[in-house]
Amino acid sequence: MSIEVKFFASLRETLGIESTSITSSAGLTVREVWDSTTDSAAYPVNTLCAINMDYAHQDDAVKDGDEVAFFPPVTGG
Amino acid sequence: MSIEVKFFASLRETLGIESTSITSSAGLTVREVWDSTTDSAAYPVNTLCAINMDYAHQDDAVKDGDEVAFFPPVTGG
Amino acid sequence: MVMKSLFSRRSPGVNMPAFLLEHTLNPLQELEQYQNTHLTAGSYGATASFTGTMRDFNAGDNVQQMTLEHYPEMTQKFLDQLCNEVMSKWSLVDCLIIHRFGTMKPGDAIVLTAAWSAHRKEAFSACRYLMEELKARAPFWKKETTGKGQRWVHEAGD
Amino acid sequence: MVMKSLFSRRSPGVNMPAFLLEHTLNPLQELEQYQNTHLTAGSYGATASFTGTMRDFNAGDNVQQMTLEHYPEMTQKFLDQLCNEVMSKWSLVDCLIIHRFGTMKPGDAIVLTAAWSAHRKEAFSACRYLMEELKARAPFWKKETTGKGQRWVHEAGD
């Protein structure tokens, strides 16, 4: 399966990745997507994640074609 | 002493008095001002009163030169 | 401009920002005008405002017109004290009340309240408190004209 | 007019009244414009609105500039869902969110929220809820430029 992965704000800068994609023959969780795309970098406390533009949890399963995103706590408004 | 007395809204219409003044040689309470100016008309429940543009109570004492006002519950905003 | 004359009545530090207005109230224009002339950009982070507008329907009847009676000196004094109260109760940069009186039609703005502060909590709380106090205690009385004639409104609305 | 193009993007009944905006936000003008084009005078009695403005001071430092990053598709989806949520949670005539992104200066408006209803309670509550949810959950990230350089803001402000 093929997964689109995006990083935002300080995570994007720290990791030096804005977006990437991965393919995998096995099922993956969100956290496994992180590990695959960041070379298993430490997962900062408070990191938020989304699947297809909805908030998700680290251990949620990802499907083929999903877009997964990682970002720090939000600071809008 | 001389007291200026005003009535507002439905009270003004019911009593047919907009403003009047009374003189008295004795000390008066707000309620006694009402009685003097309305020929002792019934004092409607919920009637509000003010002395010199501040909310007051029926049994508050009135001084020479005060302005006393009576009005129904407020409905602004 | 109506608003320039309205706000020029305020001497800074003397009068409170509470205005009684007989002619048409354009709440957002007056809010912007007040903000441009009395507030410093960058000095506040939060602006909460509320506009009360005359509806064309009340208590089951179409309302064609409304007259808002007030007690001019007491009403002004009440609004001034209310501004003083919110300015001391919350940490605000400024606040504003503009209230109509006289005759108005459905769709006309009746009242504007606003509060400016560094953070949103104070602005929201103060703006709402202004309205709650106005509704509960400000000396105004509404008389509506419906198809059935004129009637005094007996209870402060929600 | 900027605002006409902004609001014309909304197809009634299809899109929710939530707008992301890269250029300057004139909150009160946009609020008035939206109200004039989407609301019917006399149909609502209460309008509550809130504007969040960039301050020139944060966390002990003068702030010269701020860049607001967002996740365009998710941010729009979040705002749309938030409008849906408040419209179903309270009895409202309408609501509005306009949120900036990109680079802004002190004094610039960042966000506008508004709610229209028959009575003030619903308008105040919904307007405040929109802001609380935006602050807590909307995908935006602030990066400030101060005299000391650039820094990410790590916590949602008050």
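Bear in mind that the values here come from a model prediction, so they are computed numbers and not experimental data. Atoms considered below: every heavy atom in the structure, side chains included; atoms not considered: hydrogens, waters and symmetry mates. Proteins get letters first, then strands, A, B, ... in listed order; numbering begins at 1 in each.
- The side-chain heavy atoms of V63(C) and F57(C), taken from C-beta on, include no pair separated by under 4.5 Å.
- You'll find the side chain of F101(C) stays beyond 4.5 Å of the side chain of T75(C), heavy atoms only.
- In this structure, M66(D) and N58(D) have side chains that are not in contact, with every pair of non-hydrogen atoms separated by 4.5 Å or more.
- Annotation: side chain of H99(D) is in contact with side chain of L68(D) (closest heavy-atom distance under 4.5 Å).
- Residues of residues 111-120 of chain C lying within less than 4.5 angstrom of chain D, judged on heavy atoms, are A118(C), H119(C), R120(C) in numerical order.
- Between the CG atom of D108(D) and the OG1 atom of T24(D) there is a distance of 6.0 Å, given to the nearest 0.5 Å.
- Heavy atoms of K105(C) lying under 4.5 Å from chain D are absent altogether.
- Judged as a side-chain contact (heavy atoms from CB on, under 4.5 Å), and not counting sequence neighbours, the contacts of R128(D) are K121(C), F124(C), S125(C), E132(D).
- Close approach to chain D, defined as a heavy atom under 4.5 Å from one of its heavy atoms, is seen in G157(C), D158(C) of residues 149-158 of chain C, taken by number.
- Using modelled atom types and a 3.5 Å distance limit, the side chains of E32(D) and N36(D) yield no donor-acceptor pair.
- Here the shortest heavy-atom pairing between P72(C) and L20(C) reads O-CD1, 4.1 Å.
- Ranked by heavy-atom pairs under 4.5 Å with chain D, the list A46(C), A109(C), P27(C), A123(C) is led by A46(C).
- Minimum heavy-atom separation, E122(D) to L92(D): O-CD2, 3.9 Å.
- With contacts defined as side-chain heavy-atom distances shorter than 4.5 Å, the pair W141(C)/T67(C) does not qualify.
- Listed in order of number, the residues of residues 47-55 of chain D that approach chain C to under 4.5 Å between heavy atoms are T47(D), A48(D), S49(D), F50(D), T51(D), G52(D), T53(D), M54(D), R55(D).
- Nearest approach of P106(D) to Q64(D), heavy atoms of both residues: CD-O, 3.2 Å.
- Taking 4.5 Å as the limit, some side-chain heavy atom of L134(D) sits within range of a side-chain heavy atom of L79(D).
- Side-chain contact check for F78(C) versus H70(C): every heavy-atom pair is 4.5 Å or farther apart.
- By the 4.5 Å heavy-atom criterion applied to side chains, L21(C) and E30(C) are counted as neighbours.
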